[in-house]
Amino acid sequence: MSVAQGERIGKIAKLRQYYQTMLNTCPILNAARLACASVLMTAGLAAATVAAPALPPAVADALRDAQLPAAHAAFFVQRVDADKPLLVHNGSKRMNPASTMKIVTTYAALELLGPAHTWKTQALADAPPRDGVLTGNLYLKGSGDPGLTLERFWLLLRQLRARGVGSIAGDLVLDRSEFRLPPHDPSAFDNEPLRPYNAGPDALLTNFKSLRLTLVPDTATRTVVAVIDTPVDDIRVDVRLQYADGACGDWREKLAVSVTGNALSLSGTFAGNCGEKALHVSPWPANLQVEQLFRALWKELGGSFGGRVRDGDAPPTAKLLLTHESPPLAEAVRDVNKWSNNVMARQLFLALAPSRPATPEAARERVTAWLQEKGVSGVVPENGAGLSRDERISAEGMGRLLLAAWKSPVMPELMGSLPIAGTDGTLRKRLGDSPAAGRAHLKTGYIEGVRAIAGYVQDRSGQRWVVVGFLNDAQMKNGSRPLDALVKWVADR
């Protein structure tokens, strides 16, 4: 007997007891009492069947094989044009959704800001350049652009050079006043402060606060070299990696990265069979990240800089030199959901604050109010990225939100941002050999003790379904199989 069946039998037993008590209201005559009992019991059994539908056998089996109690799972499945769901299991139970919370953030951003919304990063100065020289300060004022990548930051500086700025005699002042944020501890979530996914939001975020290195093994000398791909100024990388034989495996877990000032140290082992691998780290706070990039790129562009880099506000009298405009929100949403970019999601979440400087509290209030307008309550947003132990939403709440999104004008942008099973994003290596391959657009979620999936699945007849699955269990070993079984069950209809 499955856990789900046991739970249903328990509910039926309670209903039997309830309806036995109800017999006291039936006629005294035995025949009438018997007829009344039959009606009540039939109604009770029918109600029990509606209240607790059995899980699909493949899903129930996968839960059992993964040693996951059904009580720790929540599912919601409904055709997008149907009035009622096909499957609801623990639908109202508030669960940790992990990165599927990004659906809430990106859908809210698309509706509240619009797919064409952009961010503007301004370069200002105390006075216009004269003969190629800025005699005062250069101010970079951010607006929370989630995608000010290395390439786009280079373009901003290249435009400055094209407008006659060759030498900066004053300081570079970083204006990050668009956000008012509490101190961010990158080690607080999982004690991995150098992992880029733990980077905090910033009004002048550049290159996701990330540094890319490429590890290159040399089979002839049995050594490993680290190539710094991101232009940075005056840093040193101390490589103490031991070349190893055997399978590559989970190569990242075999590395140890530490930072002391401007020096990075890499230790551990790296298998030659891995080939070249990109290693992304987040070694510095946002202001130092900007300084490292600026000094390196400005030098490459032939500019000179004699001041220092510091935080501060651009004065009202500062003269605008140029404005760099980001790609539209629809493109940012795609990057957030396809690759589950946490720091970009945090940036989008803060963009939802109704006034400036933006605060997390104001963003939470606006998202909560928007969800209530959609008829979804009980949601606990924290940072909008799902990298949280506190964020909560029910499977039914997420399902209702996806049903609302299907009818929204921004549905194409949202659906197009979700990973495609067996094709791209976080699903590129998942469900590729199943009926869902190429026909499921799903956001995944994965943190310790949580596995989740949410989005849209097309079945064999061409019908589209909303599918949500949450698993919360501290002892979880393999939570992907029950979720994959759920998706396959829908896709194979």
Side-chain angles (χ1 to χ4, degrees), residues 98-99 101-102 105-106 109 119 121 140 142-153 174 176 178-213 228-232 235 252 255-262 264 266 278-294 296 309 311 326 332-333 335-353 357-360 363 381-391 426 445-448:
S99 281
M101 183 61 87
K102 292 182 175 72
T105 301
T106 52
W119 291 262
T121 303
L140 289 182
S143 65
D145 185 350
L148 189 58
T149 60
L150 165 64
E151 297 82 3
R152 292 168 187 157
F153 190 61
L174 310 180
R176 302 151 69 196
E178 285 289 293
F179 290 172
R180 187 169 68 241
L181 306 172
H184 177 74
D185 180 3
S187 66
F189 180 73
D190 58 3
N191 201 32
E192 292 282 358
L194 301 184
R195 296 289 184 113
Y197 62 75
N198 276 322
D202 195 274
L204 192 56
L205 184 79
T206 57
N207 206 40
F208 315 124
K209 209 186 294 184
S210 176
L211 174 70
R212 172 185 162 128
L213 301 94
I228 305 175
D229 297 320
T230 306
V232 285
I235 75 159
R252 182 62 179 84
L255 305 181
V257 184
S258 60
V259 178
T260 304
N262 286 355
L264 269 69
L266 305 180
L279 174 65
H280 297 268
V281 295
S282 183
W284 302 299
N287 55 347
L288 186 54
Q289 170 84 5
V290 177
E291 178 174 359
Q292 291 283 1
L293 280 177
F294 172 79
V309 179
D311 285 342
S326 74
V333 163
D335 289 338
V336 169
N337 285 334
K338 287 286 187 184
W339 301 105
S340 205
N341 191 306
N342 287 293
V343 70
M344 289 186 74
R346 290 174 182 263
Q347 298 282 109
L348 289 189
F349 189 71
L350 285 163
L352 296 172
T359 65
E382 184 190 3
N383 55 44
L387 198 69
S388 166
R389 298 297 177 194
D390 299 324
E391 290 190 323
T426 56
Y446 182 108
I447 59 176
E448 184 179 358

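This is a predicted model, so every value here is computed, not measured.
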Heavy atoms of other groups near Tyr446 OH, more than 12 under 6.0 Å: no
For the atom pair CG (Leu264) and CH2 (Trp284), what is the distance rounded to the nearest 0.5 Å? 6.0 Å
Are Pro360 and Leu181 packed together at the side-chain level, in the sense that at least one heavy-atom pair is separated by less than 4.5 angstrom? yes
Nearest heavy-atom approach of Gln347 to Asp202 is OE1-N, 2.7 Å
Please name the pair of heavy atoms, one in Arg180 and one in Pro357, separated by the smallest distance, quoted to 0.1 Å. NH1-CG, 3.1 Å
Closest heavy-atom pair and its distance - Asn198, His184: O-NE2, 2.8 Å
Validation row: His280, Arg252 side chains within 4.5 angstrom (heavy atoms): no
Any donor and acceptor pair, going by atom type alone, linking the side chain of Glu382 with main-chain N or O of Glu391 inside 3.5 Å? no
Separation between CZ (Arg389) and CD1 (Ile447), nearest 0.5 Å, reads 4.5 Å
Can you confirm whether Val309 sits close enough to Leu174 that some side-chain heavy atom of one is under 4.5 Å from a side-chain heavy atom of the other? yes
Which distance, rounded to the nearest 0.5 Å, do you find between the OG of Ser187 and the CG of Leu194? 9.5 Å
I'd like to check the ring-ring contact (aromatic ring centres under 6.0 Å, His included) partners of Phe294; sequence neighbours left out, ordered by chain and number. Trp298, Phe305
Nearest heavy-atom contact between Val232 and Leu211 is CG1-CD1, 3.8 Å
Within a strict 4.5 Å, meaning less than it, do heavy atoms of the Tyr197 and Glu192 side chains meet? yes
Just by distance, do the side chain of Asp145 and the backbone of Trp119 share a donor-acceptor pair under 3.5 Å? no
Between the side chains of Ser99 and Ser340, is a donor N or O closer than 3.5 angstrom to an acceptor N or O? yes
Asn341 versus Asp335: any side-chain heavy-atom pair under 4.5 Å? no
Sidechain-backbone polar pair: Ser282 side chain, Lys209 backbone, donor-acceptor under 3.5 Å: yes
Rounded at 0.5 Å granularity, tell me how far CG in Asn191 sits from CG in Asp185. 9.0 Å
Rounding to 0.5 Å, atoms OG1 (Thr206) and CZ (Arg152) come to a distance of 13.0 Å
Tell me, do Asn383 and Asn342 make a side-chain contact under 4.5 Å, heavy atoms counted? no
Paired with Leu148, the side-chain contact (heavy atoms from CB on, under 4.5 Å) test is passed by just one of Leu293, Thr121, Asn207, namely Thr121
Tightest non-hydrogen contact, residues Val259 and Pro283, listed as CG2-CB, 3.7 Å
Heavy-atom donor-acceptor pair, Gln289 side chain to Ser210 backbone, under 3.5 Å: yes
Between Val343 and Pro196, is there a side-chain heavy-atom distance shorter than 4.5 Å? no
Any side-chain heavy atom of Arg176 sitting closer than 4.5 Å to one from Asn287? yes
Evaluate side-chain contact (heavy atoms from CB on, under 4.5 Å) for Gln292 paired with Ile235, printing each intermediate quantity in order. CA-CA 9 Å; Gln292 291 283 1; Ile235 75 159; 3.6 Å; yes
At what distance, to the nearest 0.5 angstrom, does CZ of Phe208 lie from OG1 of Thr230? 11.0 Å
Closest heavy-atom contact between Ala363 and Leu350? CB-CA, 4.3 Å
